[in-house]
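All remarks here apply to the structure that follows.
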Amino acid sequence: MIPIDRRSALRAAAGVAVTGALATGCTDGASDSVPPSAAPSGSPSATGSRTGGSRPVAKAAPAPRRFPGLPAEIEHGPRDRPGVALTFHGQGAPATATALLAEAERAGAHVTVLAVGTWLDEHPALARRILDGGHDLGNHTLHHVDISEMDEERAYAEIVGCADRLRRLTGSIGTWFRPSRTQHATELVRRLAARAGYPHVLSYDVDSLDFTSPGATAVTRAVTDEIRNGSVVSLHFGYADTVAALPALLDALKRRGMRAVTTTELLT
C-alpha cells in the first residue's frame with residue numbers, strides 16, 4: 001500500500017501533468033514546430049552562449065561509452081541478469097519530473113532520462129537534479145520532431161543542439177542518444193549520432209504506451225506483461241498515468257526479483 005501522504009503527493013503531481021503535459025509521444029506521428037532553417041551549432045565540445053542562465057560545473061557528468069560487442073542500436077541488455085532500465089522521455093511539467101524521480105529514489109531505483117533540448121532550456125536545474133539522484137541523463141533531440149523525416153543537416157542540428165545544452169549544463173553531452181518520434185533510428189541518424197559523439201543509439205523493447213493516456217492500470221499492465229530480464233522500457237515524463245503507475249510498477253518489479261537500474265548499469 002502507498003502511504004496516504006505519498007499518494008497525495010503523486011496525485012498532486014499527476015494533476016500538474018494533466019495541465020502541463022505535451023500531448024505527444026515519440027511514435028504517434030504528431031509534429032512540433034521547428035525552425036526550417038535550423039543548422040548545426042557545432043560539435044558537442046564547441047563553446048557557445050549559456051543556456052537558460054546555466055553555469056558550467058566543475059566536474060563533468062559521465063560521457064557516452066562504447067560497449068564492445070553491442071550493436072550501434074541497443075534495444076535491451078543481458079537476459080541472464082535481473083536488471084531492467086526504465087527510460088523516460090524528458091518533457092513536461094517539472095513538478096511531474098521531480099515527483100517521478102523522488103518515487104524512483106524512494107524505491108531504490110535508478111532510471112534513464114532522455115531530455116529534449118528545449119525542455120532543458122525551460123528547466124535547466126532539472127539536468128543536475130537528475131544526475132544528483134544517480135540517474136542517467138541523455139539526449140532526445142532539440143525540438144522532439146520526427147528526425148527520421150529530416151535531411152542530414154537538420155537531423156544533425158537536432159542531435160548536436162541538445163548535446164550542446166547538455167554539455168553547458170553538466171559538462172557532458174549525456175550518456176545516451178535516443179531519436180525522437182521513432183523506436184528505431186535510420187542508418188543516417190545512427191551515423192550522425194556517432195559523429196556527434198554517441199557510439200550507440202538507445203532504443204527499447206517494451207513500450208508502455210503511456211503517452212496515449214490509457215490509465216495507470218493499463219500502463220502498469222503494458223509494462224509487466226512484456227518486461228523480462230534486460231528489458232529497456234519506454235516511458236514519458238509529463239503524463240498523469242505514468243506518475244500514478246510508477247509505484248505499482250516498481251512494486252511489481254520487486255516481487256519478480258527485478259531491479260530498475262540505469263541503462264549504463266544494465267549494460268556494464
### Query
Is there a donor-acceptor pair under 3.5 Å between the side chain of Arg259 and the backbone N or O of Pro82?
no
### Message
Quick check against the 3.5 Å criterion: does His110 have a side-chain atom that pairs as donor or acceptor with the backbone of Thr262?
### Response
no
### Query
Which distance, rounded to the nearest 0.5 Å, do you find between the CZ of Arg81 and the CG of Leu266?
7.0 Å
### Query
Hey, what's the ring geometry for Phe211 with His236, parallel, tilted or perpendicular (30° and 60° as the breaks)?
perpendicular
### Query
Are Trp176 and Ile74 side-chain neighbours, meaning at least one heavy-atom pair lies under 4.5 Å?
yes
### Task
Looking only at non-hydrogen atoms, find the nearest pair between Ile147 and Pro179 and report the distance.
CG2-CB, 3.7 Å
### Query
Considering only heavy atoms from C-beta outward, does the side chain of Cys162 approach that of Val116 to under 4.5 Å?
no
### Task
Considering non-hydrogen atoms only, spot the tightest contact between Gly90 and Val113 and give its length.
CA-CG1, 4.1 Å
### Task
Determine whether Leu142 and Phe177 fall in the same hydrophobic cluster, where Ile, Leu, Val, Met, Phe, Trp and Tyr are linked whenever their side-chain heavy atoms lie under 4.5 Å apart.
no
#### Entry: Glu122 atom CD, neighbour heavy-atom count above 12 within 6.0 Å
yes
### Summary
Closest non-hydrogen atoms of Leu209 and Pro214, given as atom of the first, atom of the second and distance, are O-CD, 3.6 Å
### Task
Drop me the distance from Asp251's CG to Arg256's CZ, to the nearest 0.5 angstrom.
12.5 Å
### Message
As an exercise, state the distance from OG1 of Thr118 to NE2 of His123, rounded to the nearest 0.5 Å.
### Response
9.0 Å
### Query
Do side-chain atoms of Tyr198 reach the backbone of Ile173 as a donor and acceptor pair under 3.5 angstrom?
yes
### Approximate separation, where rounding is to 0.5 Å, of Met150 CE and Thr186 OG1
11.5 Å
### Task
Taking Thr170 for its side chain and Arg167 for its backbone only, find out whether a donor-acceptor pair lies under 3.5 Å.
no
### Query
side-chain contact (heavy atoms from CB on, under 4.5 Å) with Asn139: which of Val160, Leu114, Thr175, Ile159?
Ile159
### Task
Please say which of Thr263, Thr87, Thr264 ends up in a side chain to side chain donor-acceptor pair (under 3.5 Å) with Thr112.
Thr263
### Message
Measuring from atom CG of Leu126 to atom CZ of Arg128, what distance do you get when rounded to the nearest 0.5 angstrom?
### Response
12.5 Å
### Task
Inspect the surroundings of CZ in Arg79 and state if more than 12 heavy atoms from other residues, nucleotides or ligands are less than 6.0 Å away.
yes
### Message
Is there a side-chain contact between Arg65 and Leu267 in this structure, where contact means two heavy atoms from C-beta onward sitting under 4.5 Å apart?
### Response
no
### Task
Output yes when a side-chain donor or acceptor of Glu73 lies under 3.5 Å from a complementary backbone atom of Ala185, and no otherwise.
yes
#### Entry: Shortest non-hydrogen separation from Leu120 to Ala127 and the atoms involved
CD2-CB, 4.1 Å
### Query
Is the backbone N or O of Asp80 less than 3.5 Å from a side-chain atom of Asn229, with the two atoms forming a donor-acceptor pair by type?
no
#### Entry: Heavy-atom donor-acceptor pair, Arg178 side chain to His89 backbone, under 3.5 Å
no
### Message
Is there a path of hydrophobic side-chain contacts, each under 4.5 Å between heavy atoms, that joins Val233 and Phe88?
### Response
yes
### Query
Does a side chain donor of either Thr242 or Asp210 reach within less than 3.5 Å of an acceptor in the other side chain?
yes
### Message
To the nearest 0.5 Å, what is the distance between OG1 on Thr224 and CE on Met258?
### Response
10.0 Å
### Query
Can you tell me if Glu226 uses its side chain to pair, donor with acceptor, with the backbone of Asp207 under 3.5 Å?
no
### Task
Evaluate the salt bridge (charged side-chain N to carboxylate O under 4.0 Å, His left out) criterion for residues Glu103 and Arg106: first the C-alpha distance (whole Å), next the side-chain angles of each, then the deciding distance (0.1 Å), finally the verdict.
CA-CA 5 Å; Glu103 178 61 23; Arg106 180 205 65 80; 3.2 Å; yes
### Query
Does Glu152 reach the side chain of Arg191, with side-chain heavy atoms less than 4.5 Å apart?
yes
### Message
Do His200 and Leu70 have side chains that approach each other closer than 4.5 Å (heavy atoms only, starting at C-beta)?
### Response
yes
### Query
Would a 4.5 Å heavy-atom cut-off, applied to side chains only, mark His140 and Ser180 as touching?
yes
### Query
Shortest non-hydrogen contact from Leu253 to Ala260?
CD1-CB, 4.3 Å
### Query
Which heavy atom of Val261 sits nearest a heavy atom of Gly83, and at what distance?
CG2-CA, 4.4 Å
### Task
Using a 4.5 Å cut-off on heavy atoms from C-beta on, say whether the side chain of Val111 contacts that of Leu235.
no
### Query
Is Glu158 reaching over with its side chain to a backbone N or O of His143, donor-acceptor style, under 3.5 angstrom?
yes
### Query
Between the main-chain N or O of His144 and the side-chain N or O of Thr141, is there a donor-acceptor pair closer than 3.5 Å?
yes
